[in-house]
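Taking it in order: structure first as structure tokens, then the write-up.
Labels below follow one simple rule: chain letters A, B, ... track the order of the sequence lines, proteins then strands, and each chain is numbered from 1.
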Amino acid sequence: MGFLWYLTIRIGGALATIAAGSFLIFLIMHLAPGDPALAVLGESATTETIAAYRAEHGLDEPVLVQFVIWAKMVLQGDLGKSIALAGKFPISDLLVTRLPNTIFIGLYGLVIALVISLIAGTAAALRQGKLVDTVATGVAVLGISMPDFWFSYVLILFFALSLDWFPSYGFTPPGESLIGAFHSGFLPALAIAAPMAGVFARILRASLVETARREYVTAARSYGFAAPFVFIHYVFRNAIIPFVTVLGLQVRYLLGGVVIIERVFGIAGMGSLIVDGAFARDYPVVQACALTFLAIVLSVNLIVDIVCALLDPRRTR
Amino acid sequence: MSDVTLTLRNLSTGFKMGGRVMNVVREVDLEVRKGEMLGLIGESGSGKTVTGMSILRLLPENAVTEADTLDFLGIDLLKLSTEQFREMRGTRLAMVFQDPVGAFNPAKKISWHLKQVFERAGTKSPAHAERAKNWRASAIKLLADVGIPHGANVMRQYPHQLSGGMLQRTLIALVLVFEPELIVADEPTTNLDNIVERQILRLFRDLQKRLDCAFLYVTHDMTIAAVLCDRIAVMYAGSIVEIGPTKQIFADPKHPYTQGLLASALALDTKTERLQEIPGELPSPGKLPPGCLFEPRCKFAKPECRAKEPAMVDVGGERHVRCVLYGHG
Amino acid sequence: MWEESATSAAFCMAMVEKAAQVDKNTPLLSVRELLVRFKLGDGLAAALSRGPSYLKAVDEVSFDVGRGEVLGLVGESGSGKTTIGKAILRLYEPQSGSIVVNGVDITRMGDRALKHYRRDLQMVFQDPLSSLNPRHTVRTSLRTPLLLHKICPSSEVEQRIDEALTRAGLSPVFKPRYPHELSGGQLQRVAIARALTMSPGLVVADEPVSKLDVSVRAQILNLFKDLQAKFGISIIFITHDLRVARYLCHRIGVMYFGKLVEIASVEELFTAPKHPYTKALLGTLGAEGENLDGAQVAGEAFNPAADTTGCRYYARCPMRVDHCKTAHPPTETIKPGHDIACYEWRRS
Amino acid sequence: MATLATLKGLGRELRHNRVALGGFAITSFVLVAIVIGPSFSPYDPTLMDFTAILQPPSWAHPFGTNSFGIDVLTRVLYGARNSFMISFAGVSLGAIVGTLIGMTSAYMGKLFDAVAMRLVDLLFAFPIFVLALMLMLILGFGVQNVIVAIALVYIPNFARMARNTTMVVKSEPYVQAAQVMGQPRLRIMVREILPNIAAPLFVQFTVGLAFAIIIEAGLSFIGLGVQPPTPSLGVMMADGKDYFHRGPWVLTLTGLALMFAILGLNLLGDGLRDLLDPRLRRRSAA
């Protein structure tokens, strides 16, 4: 019962945020210089055609009314049409081809980062102050200190140009070939994963060390439970709660990395789309992409909240 | 002296701090006997908790414990490997903690805690195995024993949903699964309210009588020691300064520190005009005074007190005092 | 000329007399039906959850503190005793009720106007280490109130600080020290010295010895006793320990989950307690073994998040009757100076 | 006076914390290098030399030369100076505005707090590059706008941290004592609260500076930030990627220098976090 309440409240909160966020996006785009009518109709448009276009699309209405019109369209799945980037192509069609690639690369990177950080963070915490700890924390700091786009080029230099194990450019969408996607997506995923793994490993280590000091861990030892049992059920079980929480906060950095990495490796995803849209001043595309990114972050936060609530009975009961 | 359960000789415990060891417990000699409740009294920082934790090897890794003897029913605890010692913990040596809320795994229900302990017990003997099979029924019975009549309901709860008193009872139930021969209780009622505190104290006394085990009760509260303990040992700045039967110590405290503590504790029990003070402050473990540690605050201090720390003096009637007023040992 | 000054002098005399009259007839502090509540949880979650969304930490409590009187407020943790103390000092905003100091209602007074009355009401906190700003030296901590209220010319500030420290039993050599360099007892002396620099009429002392080492407590309790006798300050002494209250206080109020259940003079409370909770508390005193076997208080405590009606003590009360479930009993005066909130007190 | 004593104490403890010391050394080295380094360089950061195009690293050109024959190391020093100043300005702006919002929010409570914190949550929900990119669309590309973008990324961080720490400190007895004394609100904020929340904010500033340099480089790298010919590390790396196959050293070595500077700041931040953590402090004092 308590959990359902919690879920309802969180979903309500996420919906409210996305509503407010979409308004913010709309407002920013509205403030951006340039007349959308002119952008669509081109330089040759006459005063009459522009006026007609503005009237038809409600561009003379107050911002709020325009926002409501746009929001209604978005709710019906119509994100408008691209004005510069892809002719008058519907943006929703663009997203359908782009979004899976971004999600694939993002999840791929996330999984790599999780695997590395779980191993490194746990090892460092278990051997606190020992060589393993020093090496792991040292590498982690290096990881968070390097720009991921630079690391991509280092990876390209070694694994693509020198060893030729992976392609240096281009990406096979998972829809075409899953194996191809894993192969061609490995370097970009690794580039995104490296700084993330550094951040995650540090958080996990700190959380484990902190939890190990709790009295319930001493209490568990006093019952004579074996060390691995205590570590798994007492230390690790409670340490992952803050770990998952902080993990959720990292999505906004993770997606920031995706934007650049996609351009480096020429992946046709959301990141390259929004950047290309920005250069082409294709506002509807940028607007739609920003909204999608917002939705992704909020969904991930929602999932993280739910996972935390399941892990930590104190949050809901 | 076959009834002695635990013998400590010359126990010292310190913590490694930047390359050197800072001792917080020094040269402690103690005996805890079967069927007795020994009170270990001291203020914060006196080393009483560390002493208790040293016996069960529950201190963090930077702790260093040394002793001439650490004997538990003929077993030399110093010689046991980590794994052998772990086998003893919980089964024969047990501990009750100060903060009942903090002593439970917050992510697990009460039933989980009980189940784990019963399952561990199940591997020890056929009788225990039988209980482990019906662990739920056994747990409810055990909870009833510690004064929780509706055990089935309590088992469904998470720790944060229960009151401190209820959790402390449950914690005691966990310890009782094995009927240990030595129980160390570290200020187990400090975080409880007066009325609940009395209930738990009574529970401890009844338990100790029923199990007939050795019981080391660590506390800062003289009045608790008075109602609960058969003998008390008073610690000051890491050393035991006085030890003896409770009644005699309360009637006639020997060490000036014990006298001061008792004077202020007992004076409050009656309407008094003015409390007797112990002047000064506790020494910090980094800067201990030379000689007797209590000398800077002692009204009987003499020049010889500063020369060296006095030895324990046997003053008869099972009483020992670390003070030159009673000779030099 | 002199006539005019004579009249103004007479006027002044009249004012002083009038003030003196107020002094004699009204108590220094008068608290009436004070209600302080806290939100349970925050935001949407709290709004949607069932059960009360507020916790009444102090629930319609009334009492007076006379001039030079020490009133003890005794109760378990969560009884609202600290909240009362802080609400009187306007650290918490009361929901309703009134706080009257020297005949002036300060319950809703704005910050600026309140500043004049602040001097008169001071506080000593439970944790001495955190009651002093860790970034300020002892000197800075003591100088601030002197300059803020222009208590003395700036040339005398140092001398005043020395006096204040000496009065609290501390050498002036501590002036340049930082809080973390002092022991708990010394810090509590600095905190007391700071409160006294403003020559307050009332000091709220919130468990001032509970975080101190046992062997240092007597020193601080005696310091309170001496300073109270010397300066005739009124004190609200908040404690969970009835014995400490008996040592220092003239009257004692017993609190249970936000309600003041009994208030009486020390002698009366200890010799003829009427409320079953007071009796239970008194039953926990004494160092002799037999009282462990005495009356055990059964049942779980009041749950402020779930129970909303009935006597707060109902679940634990040995004298409860069905009537007690309807509403918390009103306060009645059973003797001058002895108030109690219990339907069944006559039976005891 | 209080700060002086604190700084002295910090200096003493710095010597015992190897991480902080390493970070301090690297950061000092980088600062000195970008301040006085360029004037020691025999090369000009803008003068093209078509006789020395794309030379690999050598004694004459430790980082090689780029496609215009410009010494890469010289350009790195100039670029790093720009990157550093842009990041510093951005994080400072974010820290000041964020701290003001956070402290006010915590102190005022009620409606202001609710509205401000919802806005902060909203900003937190945007991926940082998306936020920066949208901003660039309104303001146009260029140095000032990178600063504003960085500030916008950091305002929510500082606002949240300042609010949370102020909430904790606000209920500390010493702040209540100041209230009881009758100190005005503003004075309490400045004298009692600010000095006690400064430490975590300072750590956040150091670590934030490190990541801001990455943000600047990233924005400039994809062409949304600093515009060439103004040297910045991101611009140089963008330039280097165009002839990465022919002269990989331009991009890799510039990035390595960037990483070195960021590493210094991160280590310094980590070390300071340990030094300033009151729990760790007390343990080492006991």
Side-chain angles (χ1 to χ4, degrees), chain C residues 39 42-44 82 85-86 88-93 111-137 139-142 144-149 176-181 187 190-191 194-195 197-198 200 202-204 206 208 211, chain D residues 1-10 13 106-111 113-115 117-118 121 163-164 167-199 202 276-286:
Chain C
K39 258 196 194 130
D42 65 323
L44 202 56
T82 298
K86 292 191 172 173
I88 290 169
L89 296 165
R90 290 283 309 277
L91 288 170
Y92 297 136
E93 291 304 308
D111 275 359
R112 206 167 291 249
L114 196 60
K115 192 184 162 189
H116 296 284
Y117 298 91
R118 288 288 196 200
R119 259 189 80 169
D120 222 20
L121 305 170
Q122 283 304 310
M123 178 144 191
V124 176
F125 294 86
Q126 178 174 19
D127 180 5
L129 183 61
S130 58
S131 80
L132 295 167
N133 191 326
R135 310 259 169 208
H136 291 174
T137 57
R139 176 188 280 119
T140 312
S141 286
L142 289 176
T144 307
L146 290 172
L147 297 178
L148 185 72
H149 290 286
R177 304 271 181 92
Y178 282 93
H180 67 267
E181 298 171 303
L187 288 167
V190 175
R194 176 177 61 186
T197 51
M198 283 165 271
L202 175 75
V203 171
V204 175
D206 180 17
K211 295 248 165 162
Chain D
M1 217 170 88
T3 21
L4 193 73
T6 325
L7 279 180
K8 263 192 211 157
L10 207 62
E13 290 195 36
Y107 215 85
M108 304 266 288
K110 305 203 171 104
L111 193 66
D113 184 32
V115 173
M117 283 306 121
R118 288 294 82 75
D121 284 349
R163 178 180 179 273
N164 293 346
M167 290 298 265
V168 173
V169 171
K170 195 180 134 188
S171 56
E172 287 280 334
Y174 62 84
V175 174
Q176 296 190 331
Q179 264 174 284
V180 167
M181 208 181 276
Q183 289 197 43
R185 279 171 177 235
L186 192 64
R187 200 183 137 112
I188 291 180
M189 295 269 264
V190 175
R191 259 179 59 97
E192 311 283 340
I193 297 181
L194 192 58
N196 287 293
I197 65 167
F202 186 63
L276 297 170
D277 186 338
R279 283 174 307 160
L280 296 173
R281 258 179 103 84
R282 215 158 287 160
R283 207 171 308 141
S284 67

Under the side-chain contact (heavy atoms from CB on, under 4.5 Å) rule, what do D:Arg191 and C:Thr140 come out as? Steps first, then yes or no, please. CA-CA 11 Å; D:Arg191 259 179 59 97; C:Thr140 312; 3.9 Å; yes
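Considering all non-hydrogen atoms of both residues, D:Val180 and C:Leu121 come closest at CG1-O, 3.4 Å. Nearest heavy-atom pair across D:Gly182 and C:Lys115 is O-CG, 3.6 Å. The two residues D:Glu172 and C:Ser130 have their closest heavy-atom pair at OE1-CB, 3.2 Å.
Of the atoms belonging to C:Arg194, it is side-chain heavy atoms, and not backbone ones, that fall under 4.5 Å from chain D. No part of C:His116 comes within reach of chain D, as not one of its non-hydrogen atoms sits under 4.5 angstrom from that chain. Only the side chain of C:Asp111 comes within less than 4.5 Å of a heavy atom in chain D; its backbone stays farther off.
Around CZ of D:Phe202, the count of heavy atoms belonging to other residues, nucleotides or ligands within 6.0 Å does not exceed 12.
Separation of atoms CG (C:Leu114) and CD (D:Gln179) is listed at 10.0 Å; rounding is to 0.5 Å. For the atom pair D:Met181 CE and C:Arg119 CZ, the distance stands at 12.5 Å (nearest 0.5 Å).
Here the side chains of C:Arg118 and D:Gln183 are not in contact, with every heavy-atom distance at 4.5 Å or above. Inter-residue side-chain proximity for C:Pro134 and D:Tyr174 is flagged as met; some heavy-atom pair is nearer than 4.5 Å. Inter-residue side-chain proximity for D:Gln176 and C:Asp206 is flagged as unmet; no heavy-atom pair is nearer than 4.5 Å.
Across C:Gln126, C:Gln122, C:Arg90, the residue that shares the most heavy-atom pairs under 4.5 angstrom with chain D is C:Gln122.
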